[in-house]
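Heads up: the structure comes next, in structure tokens.
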Protein chains: 2
Amino acid sequence: MNNVKKILIADDEPDILEILQFNLETEGFEVFIAKNGNEAIEAAKKHLPDLIILDVMMPYKNGIEVCNLLRLQPAFKETLIVFLSALSDEITEVKGLETGADDYLTKPISPKILITKINALFRRLNKKVSTIIQLGDLEIDREKYIIRNKGDEIVLARKEFELLSLLAGKPGKVFLRQEILNQIWGTEVIVGDRTIDVHIRKIRQKLNLDCISTVKGVGYKFEL
Amino acid sequence: MNNVKKILIADDEPDILEILQFNLETEGFEVFIAKNGNEAIEAAKKHLPDLIILDVMMPYKNGIEVCNLLRLQPAFKETLIVFLSALSDEITEVKGLETGADDYLTKPISPKILITKINALFRRLNKKVSTIIQLGDLEIDREKYIIRNKGDEIVLARKEFELLSLLAGKPGKVFLRQEILNQIWGTEVIVGDRTIDVHIRKIRQKLNLDCISTVKGVGYKFEL
DNA sequence: TTATTGCTTAACAATTTGATAATACAAATT
DNA sequence: AATTTGTATTATCAAATTGTTAAGCAATAA
């Protein structure tokens, strides 16, 4: 999820494929292409793209059929799917959205608009995903303010939660004390260094899990 | 929601206003018009339209500003907002969609396309708004403003209802006090923090059900 | 108008959280 | 080994947050 996004484009018009591929690759995406519905499904299974752009009118299987088939499989439950179609064929649009597409684009579309829309979709996805952090037996739900260790719910006070959440957000990274102070307490409040220790201790105690290690003279980091 | 749909059109070009108004009225909508951003906001508050069509380029306040301002108020959270702009001004489109518009149309637009798009939007809206929330023994009917616990009807005052409805809309999610204030009271009214507590208390009391929990220093959440 | 209901606030109680000091401990350095 | 430096632990107190009640308006209905 942190590397290059993969995009699969399925369209039966070679020109469109080429234009889109060029523009998306220029933008830094990894692009795969398919010339019809069957190829699209095959390619999707093979490459597990983050986003699939489906032309609605295609030989063998049209875009809506492809979308339906893919959505049946767990692997593609979360994949972004966008339809592409000539003119705003209203009926198709409705069907497309019912099918579980994430967006619907009409041809002709300027590459620039396409790219901004795609970026917007990824941004939206990231927001949804980023609320829960999963690390081994540990689960941090930022939206629900809940921490679970092997399913057991653990109650942390606010600062404790924020601190753990910060550290766990980048496992392995050593957070300097100063960094922690800035992130959790802000630059306006001034608290002593011992305060951090105390909170760290409480977290360790409550979690009863050896996951925060001290880097003497530097700071703390979360691991495993 | 079951009667004639009200549509507000805001555009500084009289010709456009007239054409759109004529076509939409012919189609059976009730139409209001505004010639600039300020008028649009005023008219929106007065008529509470189901759909607002905003020209992007307008005197005093442009469409995006208008949209932003309206979206801040609870009354317009669900209102459909559509932008209208000369040619596909890409940058504007991106901003518009980020602002929380429901669609984006480019001039010139044929009345027929406009109407089909509008109908599509209303159709989609009707589907989205599931008026009844079921959670265990609890049943919340947003349309009828009724709450039932094991079939027994419970009468909540409006704010109480809205508050419960908000929390129950995303069980488990912690709603920050600020979030609650924005959603229920809007950004214009300013009420004290204790107000929320009191309403929460009344809900707990009336429901006689342990379903709203406090997350100290953060907010409240609904669960089970 | 009067009565009723709902919304907001003030005041105070109860609770929880956060910060610090004091002390103990551990590792590195001299 | 003694010293220094840095962290862990614990207990305590202060501060922040929320719960509760009562009371005053405002809006609405009778």
Side-chain angles (χ1 to χ4, degrees), chain A residues 145-147 153-167 174-223, chain B residues 45 73-75 145-147 153-167 174-223:
Chain A
Y145 256 84
I146 281 177
I147 303 230
E153 196 169 307
I154 295 170
V155 180
L156 294 188
R158 189 178 52 175
K159 290 275 187 234
E160 291 158 20
F161 186 93
E162 286 172 0
L163 184 45
L164 176 59
S165 185
L166 175 66
L167 296 184
V174 178
F175 287 80
L176 314 181
R177 295 183 103 88
Q178 193 51 50
E179 221 170 323
I180 293 175
L181 288 177
N182 284 336
Q183 292 286 323
I184 310 281
W185 278 269
T187 47
E188 298 187 351
V189 203
I190 294 174
V191 298
D193 257 14
R194 272 338 82 230
T195 301
I196 296 179
D197 307 12
V198 173
H199 284 293
I200 292 283
R201 168 154 200 288
K202 284 184 184 163
I203 294 171
R204 284 173 172 158
Q205 193 173 285
K206 287 187 180 174
L207 281 194
N208 190 29
L209 191 70
D210 188 24
C211 62
I212 296 178
S213 53
T214 305
V215 183
K216 273 212 166 190
V218 187
Y220 295 92
K221 69 176 169 182
F222 181 100
E223 53 184 359
Chain B
K45 286 183 184 169
Q73 299 180 48
Y145 264 65
I146 285 177
I147 302 229
E153 191 170 324
I154 296 171
V155 180
L156 293 189
R158 190 168 53 236
K159 292 278 184 219
E160 290 159 21
F161 186 93
E162 284 173 1
L163 184 45
L164 176 60
S165 182
L166 174 66
L167 297 184
V174 177
F175 288 82
L176 314 181
R177 293 182 102 86
Q178 195 50 51
E179 222 170 322
I180 294 175
L181 288 177
N182 284 335
Q183 294 286 322
I184 311 278
W185 279 269
T187 48
E188 297 193 338
V189 203
I190 294 174
V191 297
D193 257 12
R194 242 42 25 253
T195 301
I196 296 180
D197 305 11
V198 173
H199 285 292
I200 291 282
R201 169 154 199 289
K202 285 186 179 162
I203 294 171
R204 285 173 171 158
Q205 196 172 285
K206 287 186 181 174
L207 281 194
N208 190 29
L209 193 71
D210 188 23
C211 61
I212 297 179
S213 52
T214 305
V215 182
K216 265 224 166 188
V218 188
Y220 294 93
K221 69 176 166 182
F222 181 99
E223 52 185 358

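Keep in mind that what you see is a predicted model, and the values were worked out from it rather than measured. The chains referred to below are lettered A, B, ... by the order of the sequence lines, with proteins before strands, and numbering in each begins at 1.
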Quiz prompt | Distance, rounded to the nearest Å, where B:Arg201 contributes CZ and C:dA11 contributes C1' | solution = 15 Å
Self-check item: Closest non-hydrogen atom pair, B:Leu164 against B:Ile203
Solution: N-CD1, 4.0 Å
Practice problem: Can you figure out which of D:dT9, C:dC7, C:dA10 approaches the side chain of A:Val198 most closely? | Solution: D:dT9
Quiz item: For A:Thr214, which contact category applies under a 4.0 Å heavy-atom criterion: base, sugar-phosphate, or nothing?
Solution: sugar-phosphate
Practice problem: Calculate the interatomic distance between B:Ile200 atom CD1 and C:dC7 atom P; express it in whole Å. | Solution: 14 Å
Self-check item: Earlier contact from the 5' end, DNA chain C, for B:Val191 and A:Lys159
Solution: B:Val191
Self-check item: Donor-acceptor pair, side chain of B:Arg177 and main chain of B:Asp193, under 3.5 angstrom
Solution: yes
Quiz prompt | C:dT9 OP1/OP2 closer than 4.0 Å to side-chain N/O of B:Thr195 | solution = yes
Quiz prompt | Beyond-backbone contact of A:Glu223 with A:Ser213, side-chain heavy atoms, under 4.5 angstrom | solution = yes
Quiz item: Are OP1 or OP2 of D:dT17 and a side-chain N or O of B:Tyr220 less than 4.0 angstrom apart?
Solution: no
Quiz item: Taking OP1 and OP2 of D:dT18, is either one under 4.0 Å from a side-chain nitrogen or oxygen of B:Arg177?
Solution: yes
Self-check item: Of B:Val218 and A:Gln205, the one whose closest DNA chain D nucleotide lies more 5'
Solution: A:Gln205
Practice problem: Report the distance from atom NE2 of B:His199 to atom C1' of D:dT21, rounded to the nearest whole Å. | Solution: 15 Å
Quiz item: Taking side chain as C-beta onward, heavy atoms only, is A:Lys159 less than 4.5 Å from A:Ile184?
Solution: yes
Exercise. Would you please classify the geometry between the B:Tyr145 ring and the B:Phe161 ring as parallel, tilted or perpendicular, with 30° and 60° separating the classes?
Key: parallel
Self-check item: Residue-phosphate contact under 4.0 Å: B:Trp185 side-chain N/O, C:dC7 OP1/OP2
Solution: no
Quiz prompt | Close side-chain approach of A:Val215 to A:Tyr220, heavy-atom, < 4.5 Å | solution = no
Quiz item: Can you tell me if the side-chain N/O atoms of A:Arg204 get under 4.0 Å from OP1 or OP2 in D:dA8?
Solution: yes
Check nucleotides 12-16 of chain C for protein N or O atoms closer than 3.5 Å to its own N or O atoms and list the pairs.
unit_1	atom_1	unit_2	atom_2	d
C:dT15	O2	B:Lys216	NZ	3.0
C:dT16	O4'	B:Lys216	NZ	3.3

